[in-house]
Amino acid sequence: MNTPDFTRLQQSLERGFALDPKAVLQESWQRIYGAKLTMVLAAIGVAGCWLVLNQLLLPLSGSDEEPWSGSLVGLIISMVVAPMSGGLDMMGIHRSVDRAIRPSQIFDYFRYILPLAVASLLMGFMTSLFLPLGASLGLPAAVAMLPTLVLSMALMFVFPLILEKGMSPVQAILVSLRLFARQWLNLIVIHLLLVVLFMAAILSFGIGLIWVAPLYMTVKGIIYREACGVGGHHKDEHSASRSPSPSANHFEA
């Protein structure tokens, strides 16, 4: 991995960044050409590992009278699979800057399992707060779920910030929330459009996922590139800056 470049990220946090949903989707559609099979195989690999772990840990989930045990198992699986999920994010980022990708790339990041697992644990805890809070306030489940969904979108930068920028889990979470705040409306619009595409893909008996899954991964990669920059990528005026970049340990979240 190239040395992290913090120039674009600092500019995004200080002055914001441009994001056009239509342009992002159009570029993503162009970039999945020739990469669909690779990205679909990688996504199937992650989903397969998730299902295998779920079956192995199923006896630990307990009975329906102990719903917390099922949530705990889901959290454990998320922590174990976090390096593979991060690998999918990095595939989208690499595709966004014309770097080579391969299905086995999802196994490249297990050396980061500790920070990724900690980040997954913290994110799971954060996103799990709103449903019980909404229930205690008497809100419908659909309404109580909205903050959870928005927060999940806001945390989309966390794994790449750890893997590509070398941030700690807490730093990555704080920076991801700040980035989301800069372009929250366009990010929500993009995610809503992707949800519609996923629903259409499912209604096509899953055939549409051949296009939608790679599109989703590439969209995330392009958004990350525009918001954070990618080390070693100097195609635009922002990332072409030669100013020295601070290390992750000194980056202000």
Side-chain angles (χ1 to χ4, degrees), residues 1-14 17 39 42-43 45-46 49-50 53 74-97 99 101-102 104-128 148 150-183 187 191 216-233 239 245-253:
M1 186 68 66
N2 291 300
T3 302
D5 182 358
F6 290 89
T7 306
R8 171 68 73 87
L9 178 56
Q10 285 182 312
Q11 292 173 345
S12 296
L13 292 173
E14 293 171 3
F17 59 98
M39 302 179 92
V46 175
C49 289
W50 184 285
L53 287 171
L75 185 58
I76 292 173
I77 295 175
S78 297
M79 293 170 66
V80 174
V81 181
M84 300 176 72
S85 300
L88 292 179
D89 288 341
M90 293 305 296
M91 286 183 72
I93 292 171
H94 284 191
R95 191 63 184 168
S96 75
V97 294
R99 291 181 186 166
I101 59 173
R102 63 189 192 286
S104 60
Q105 190 172 339
I106 58 175
F107 301 110
D108 287 354
Y109 303 98
F110 274 92
R111 64 186 183 276
Y112 298 99
I113 188 169
L114 182 58
L116 291 174
V118 171
S120 182
L121 176 64
L122 293 175
M123 290 190 292
F125 176 74
M126 292 169 63
T127 55
S128 67
T148 298
V150 174
L151 182 58
S152 298
M153 297 180 203
L155 296 171
M156 65 175 290
F157 300 99
V158 172
F159 283 177
L161 286 171
I162 292 172
L163 296 174
E164 202 270 329
K165 294 287 189 276
M167 292 187 179
S168 70
V170 173
Q171 276 182 315
I173 289 172
L174 293 175
V175 170
S176 187
L177 293 173
R178 290 177 61 189
L179 289 171
F180 178 78
R182 285 291 188 175
Q183 277 287 353
L187 288 171
H191 279 84
Y216 172 68
M217 294 162 61
T218 310
V219 163
K220 290 183 68 177
I222 291 172
I223 293 172
Y224 179 87
R225 182 196 69 198
E226 294 303 306
C228 306
V230 180
H233 176 62
S239 58
S245 301
S247 67
N249 292 331
H250 294 89
F251 188 80
E252 292 295 334

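- Between M153 and L187 the shortest side-chain heavy-atom distance does not fall below 4.5 Å.
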In sequence, state the C-alpha distance, the side-chain angles, and the governing distance for L88 and F159, and then conclude on side-chain contact (heavy atoms from CB on, under 4.5 Å). CA-CA 10 Å; L88 292 179; F159 283 177; over 6 Å; no

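- The minimum heavy-atom distance between V158 and A119, with the atom names listed, is CG1-CB, 3.9 Å.
- No donor-acceptor distance shorter than 3.5 angstrom exists from the side chain of Q11 to the backbone of F17, with no hydrogens or angles considered.
- Using modelled atom types, one side-chain atom of R8 and one backbone atom of E226 make a donor-acceptor pair closer than 3.5 Å.
- The aromatic rings of Y224 and F157 are tilted relative to each other, their planes meeting at an angle between 30° and 60°.
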Take H191 and M156 through the test side-chain contact (heavy atoms from CB on, under 4.5 Å) and record every step on the way to the result. CA-CA 11 Å; H191 279 84; M156 65 175 290; 3.7 Å; yes

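- Atom CD1 in I222 sits 12.5 Å away from atom CE in M217 (nearest 0.5 Å).
- Here CD1 of I223 is found 10.5 Å from OG of S96. Values are rounded to the nearest 0.5 Å.
- Contact between S120 and A82 at its shortest, heavy atoms only, is CB-CB, 4.4 Å.
- To the nearest 0.5 Å, atoms CG (L116) and CG (L121) are separated by 12.5 Å.
- Between M91 and D108 the shortest side-chain heavy-atom distance does not fall below 4.5 Å.
- A distance of 12.0 Å separates CZ of R95 from CZ of R225, quoted to the nearest 0.5 Å.
- Nearest heavy-atom pair, C228 versus L179, reported as atom, atom and distance to 0.1 Å: SG-CD1, 3.5 Å.
- When side chains are defined from C-beta on, L163 does not count as touching D89, because their heavy atoms never get closer than 4.5 Å.
- Here the shortest heavy-atom pairing between M167 and F6 reads CE-CE2, 4.0 Å.
- Note that the CE atom of M90 and the CZ atom of R99 stand 7.5 Å from one another [nearest 0.5 Å].
- Atom CE of residue M79 and atom CG of residue L114 lie 8.5 Å apart, to the nearest 0.5 angstrom.
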Please assess Q171 against L161 for the test side-chain contact (heavy atoms from CB on, under 4.5 Å), listing each intermediate value before the final yes or no. CA-CA 9 Å; Q171 276 182 315; L161 286 171; over 6 Å; no

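- The closest donor-acceptor contact from the side chain of S152 to the backbone of T148 lies under 3.5 Å.
- For the residue pair L151 and L177, the shortest heavy atom distance occurs at CD1-CD2, 3.8 Å.
- Taking each heavy atom of L155 and M126 in turn, the nearest pair found is CD2-CE, 4.4 Å.
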Given Y216 and M39, is the side-chain contact (heavy atoms from CB on, under 4.5 Å) satisfied, shown in steps? CA-CA 10 Å; Y216 172 68; M39 302 179 92; over 6 Å; no

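- Panel note: side chain S176, backbone I173; no donor-acceptor pair is recorded below 3.5 Å.
- Residues that satisfy the salt bridge (charged side-chain N to carboxylate O under 4.0 Å, His left out) test with R182, not counting sequence neighbours, are absent from this structure.
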